[in-house]
Amino acid sequence: MYEWCFIMVRTIASQVKEFRTISILTPVCMIGEVICEMIIPVLMGRIVDQGVMAGNVSFIIRTGAVMICVALTGLAAGIMGGFFAARAGAGLARNLRKAMHDNIQTFSFSNIDHFSTSSLVTRLTTDVTNIQNAYMMMLRMAMRAPSTMIVAMVMSFMISPRLASIYFIAVGVLAVFMVFMMRSTTKYFKQVFERYDALNESVQENVSAIRVVKAYVREDYENNKFRRAAQNIYEMFIRAEMRVVSISPVMMGVVYCTILMISWFGAHMIVSNTLSTGSMMSLLTYCMNILMSLMMLSMVFIMLTMSEASARRIAEVINEKSSLTNPENPVMAVPDGSIRFEDVDFSYKPGCAEPVLKDIDLDIHSGESIGIIGGTGSAKSSLVNLVSRLYDVSQGRVLVGGHDVREYDLDVLRKEVAVVLQKNVLFSGTIYENLRWGDENATDEECRHACELACADEFIEKMPEGYDTVIEQGGTNVSGGQKQRLCIARALLRKPRILILDDSTSAVDTATDAKIRRAFAEEIPDTTRLIIAQRISSVQTCDRIIVMDNGRVSGFGTHDELLASNQIYREVYESQTGIGADADFDKLT
């Protein structure tokens with residue numbers, strides 16, 4: 001528990017970085033402001049006792065001038081403190097977001113699976129904002145409040161130890177109440193930010209799938225789902241805030257009681273000539289300073305309580321280590337596109353009773369065209385994900401170019417293994433900018449040639465801006481087939497040794513599919529191609545075909561060999577060509 005708290009504080013503090021100097025200057029300015037504020041009541045007391053009571057106008061003017069100078073100095077210190085705190089808080093927030101974002105980029109798929117997308121969004125936004133506010137308050141109030149209370153106490157005891165002792169009683173009562181209040185609110189604030197994740201998840205799902213929502217007329221269902229998530233946060237905040245606001249009436253009650261006691265006893269001391277009127281005024285001012293500083297301290301503790309949960313969640317992301325790491329002396333070049341699976345088992349989570357892939361033994365030669373077919377859930381995508389080391393095998397090994405993929409530098413390996421995923425993703429920007437994700441230095445001519453190979457030039461040239469057409473977020477202004485062809489062109493620009501097409505031509509017609517496959521054979525004959533497809537027509541011209549069934553290799557050979565030896569392949573071929581009865585992979589497997 002304490003070790004994790006230390007790690008959490010160290011993680012957040014390490015991101016202050018270049019803002020350390022102004023983080024130190026902020027409390028220094030706050031102390032300067034406090035000293036100036038504490039001097040003013042003393043000067044006011046002297047004006048009353050030595051100026052007003054004695055009728056000394058020149059003393060009043062001189063002391064008043066000093067008060068103005070002190071007040072302006074305190075004002076300047078306060079302004080500078082606020083400026084430094086704002087810069088330090090904003091800088092810390094920037095560094096925290098960057099540290100989290102940079103670390104997320106190193107995550108393996110396993111790490112990303114550990115954190116939901118909505119949770120990561122909450123941590124990058126709401127949680128960081130809480131830390132920013134808490135840090136600003138800590139730099140200003142956490143230094144100002146105790147300094148004010150200590151200096152005011154000292155000044156009060158210098159004036160009248162007897163009356164100043166009343167402050168101890170008031171401070172003790174408020175301290176006990178604040179400790180009780182903070183303990184009861186901490187648990188609620190921790191739960192609030194967990195429920196923010198559920199709220200963001202609801203929003204993310206609704207917005208990203210808005211077409212499906214409208215197609216199925218599920219707006220009311222989604223509205224109710226969001227309303228429940230928002231209501232949960234509302235109720236939790238109400239419980240926490242009810243306890244927080246309860247300090248206000250207690251605080252004011254203690255303040256008024258303290259003022260009454262000081263006024264009562266102070267009046268008697270003035271009558272008995274043991275206290276001057278000016279000193280009485282100073283004590284009343286210090287009374288307000290002490291109790292208000294205690295109120296500020298309570299707000300600081302509340303903010304720190306709120307931010308503790310956020311700090312913990314941010315530290316989890318920053319300190320998360322990728323499950324995939326480079327070896328000490330990584331291989332920095334991929335010799336060829338050969339692939340070998342040796343006794344491979346794979347599970348997404350360690351310790352699963354039934355692995356996703358079982359007993360995989362495959363030998364693929366460099367430059368071969370390999371088709372991969374199988375029913376839904378047969379682990380086709382899981383198989384190819386191991387080639388670019390998006391996951392590590394649970395048992396056995398995967399070799400690329402004769403080396404275990406775990407021996408390669410990750411960037412080197414993935415630059416030589418281009419993947420067109422099953423779920424195609426385009427980014428905001430022009431078509432040229434999207435294509436250059438494959439090769440940032442590609443010329444316009446190379447981009448256009450890649451689009452010709454992917455049969456994407458047909459629709460691009462019909463667009464008003466051509467290759468300078470802006471793709472909207474998520475590629476919403478292009479069709480599914482157009483998106484697939486752009487993603488294929490993007491992968492081709494990389495000129496990889498291995499090209500993986502994960503069902504990436506499912507949204508194009510068979511004629512276009514045939515053109516793309518023919519272009520692959522002619523333009524990149526030395527590139528090993530792994531083509532996942534549901535249509536046998538998409539893979540039957542491949543050099544060899546892998547038939548997957550429930551995480552195992554059911555057959556591996558040419559089209560003719562599988563027709564003769566593999567029942568699953570033969571029955572699906574017959575169903576798709578109209579020779580046999582209606583069937584598909586999911587029914588046959």
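All values below come from the heavy atoms of this structure, side chains included, with hydrogens, waters and symmetry mates left out.
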Assess whether side-chain contact (heavy atoms from CB on, under 4.5 Å) is satisfied between R490 and L426, documenting all intermediate values. CA-CA 10 Å; R490 182 173 63 190; L426 294 175; 4.0 Å; yes

Mind checking whether [X] and [Y] have side chains closer than 4.5 Å, heavy atoms only?
{"X": "V478", "Y": "M463", "answer": "yes"}
{"X": "L362", "Y": "L383", "answer": "yes"}
{"X": "K462", "Y": "E458", "answer": "no"}
{"X": "C447", "Y": "R436", "answer": "yes"}
{"X": "L386", "Y": "V405", "answer": "no"}
{"X": "I318", "Y": "L96", "answer": "yes"}
{"X": "F459", "Y": "S479", "answer": "no"}
{"X": "F341", "Y": "V387", "answer": "yes"}

Applying side chain to side chain contact (heavy atoms under 4.5 Å, CB included), name anything that partners [X], two or more places apart in sequence or on another chain.
{"X": "E446", "value": "A442, T443, L493, K495"}
{"X": "T325", "value": "none"}
{"X": "V412", "value": "M332, V334, D409"}
{"X": "D361", "value": "D343"}

Using 0.5 Å steps for rounding, measure from the [atom1] atom of [X] to the [atom2] atom of [Y].
{"X": "I498", "Y": "T528", "atom1": "CD1", "atom2": "OG1", "result": "5.5 Å"}
{"X": "I372", "Y": "I500", "atom1": "CD1", "atom2": "CD1", "result": "7.5 Å"}
{"X": "R494", "Y": "T527", "atom1": "CZ", "atom2": "OG1", "result": "12.5 Å"}
{"X": "T125", "Y": "L120", "atom1": "OG1", "atom2": "CG", "result": "10.5 Å"}
{"X": "I373", "Y": "S378", "atom1": "CD1", "atom2": "OG", "result": "9.0 Å"}
{"X": "L562", "Y": "I568", "atom1": "CG", "atom2": "CD1", "result": "10.5 Å"}

Do any N or O atoms from the side chain of [X] and from the backbone of [Y] form a donor-acceptor pair under 3.5 angstrom?
{"X": "R97", "Y": "L124", "value": "yes"}
{"X": "R497", "Y": "E416", "value": "no"}
{"X": "R414", "Y": "R389", "value": "yes"}
{"X": "K380", "Y": "M548", "value": "no"}
{"X": "D468", "Y": "T430", "value": "no"}
{"X": "Y135", "Y": "V16", "value": "no"}
{"X": "N103", "Y": "E320", "value": "yes"}
{"X": "Q576", "Y": "Q534", "value": "yes"}
{"X": "S322", "Y": "T106", "value": "yes"}
{"X": "S394", "Y": "S347", "value": "yes"}

List the residues meeting ring pair (Phe, Tyr, Trp, His ring centres under 6.0 Å) with F84, not counting sequence neighbours, and say none if there are none.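 Testing F84 for ring pair (Phe, Tyr, Trp, His ring centres under 6.0 Å), a comparison that skips the adjacent residues, returns none.
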
Partner residues of Y391 under the ring pair (Phe, Tyr, Trp, His ring centres under 6.0 Å) criterion, sequence neighbours left out: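 Residues passing ring pair (Phe, Tyr, Trp, His ring centres under 6.0 Å) with Y391: F109, F346, Y348.
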
Should we count [atom1] of [X] as having more than 12 external heavy atoms under 6.0 Å?
{"X": "K225", "atom1": "NZ", "result": "yes"}
{"X": "H101", "atom1": "NE2", "result": "no"}
{"X": "K321", "atom1": "NZ", "result": "no"}

Which atom names give the shortest non-hydrogen contact between [X] and [Y], and what distance separates them?
{"X": "V539", "Y": "I545", "result": "O-CD1, 3.4 Å"}
{"X": "L486", "Y": "L435", "result": "O-CD2, 3.9 Å"}
{"X": "D502", "Y": "S381", "result": "OD2-OG, 2.8 Å"}
{"X": "R529", "Y": "G367", "result": "NH2-O, 3.3 Å"}
{"X": "S369", "Y": "I531", "result": "OG-CD1, 4.1 Å"}
{"X": "I516", "Y": "C455", "result": "CG1-SG, 3.9 Å"}

If only side-chain N and O atoms count, and only distance matters, is there a donor-acceptor pair under 3.5 Å linking [Y] with [X]?
{"X": "S338", "Y": "D336", "result": "yes"}
{"X": "S554", "Y": "D549", "result": "no"}
{"X": "S307", "Y": "N133", "result": "no"}

When you look at R123 and D127, which way does the salt bridge (Lys or Arg N to Asp or Glu O under 4.0 Å) test go after all the steps? CA-CA 5 Å; R123 295 168 199 242; D127 287 328; 5.3 Å; no

[X]: which residues meet the salt bridge (Lys or Arg N to Asp or Glu O under 4.0 Å) condition with it, sequence neighbours left out?
{"X": "R570", "result": "none"}
{"X": "D345", "result": "none"}
{"X": "R340", "result": "E342, D363"}
{"X": "E18", "result": "R94"}

Any pair counted as ring-ring contact (aromatic ring centres under 6.0 Å, His included), so long as it reaches residues 521-565, sequence neighbours left out: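 Output for this query lists H559-Y569, H559-Y573.
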
Are the charged groups of R448 and E445 less than 4.0 angstrom apart, N to O?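 Between E445 and R448 there is a salt bridge, with a charged N closer than 4.0 Å to a carboxylate O.
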
What pairs meet the salt bridge (charged side-chain N to carboxylate O under 4.0 Å, His left out) rule with one or both residues in residues 129-139, with sequence neighbours excluded?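 Found none.
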
Please report the C-alpha distance between R313 and T122 in whole Å, then the side-chain angles of each, then the deciding distance to 0.1 Å, and finally whether the side-chain contact (heavy atoms from CB on, under 4.5 Å) criterion is met. CA-CA 10 Å; R313 287 156 54 85; T122 304; 3.4 Å; yes

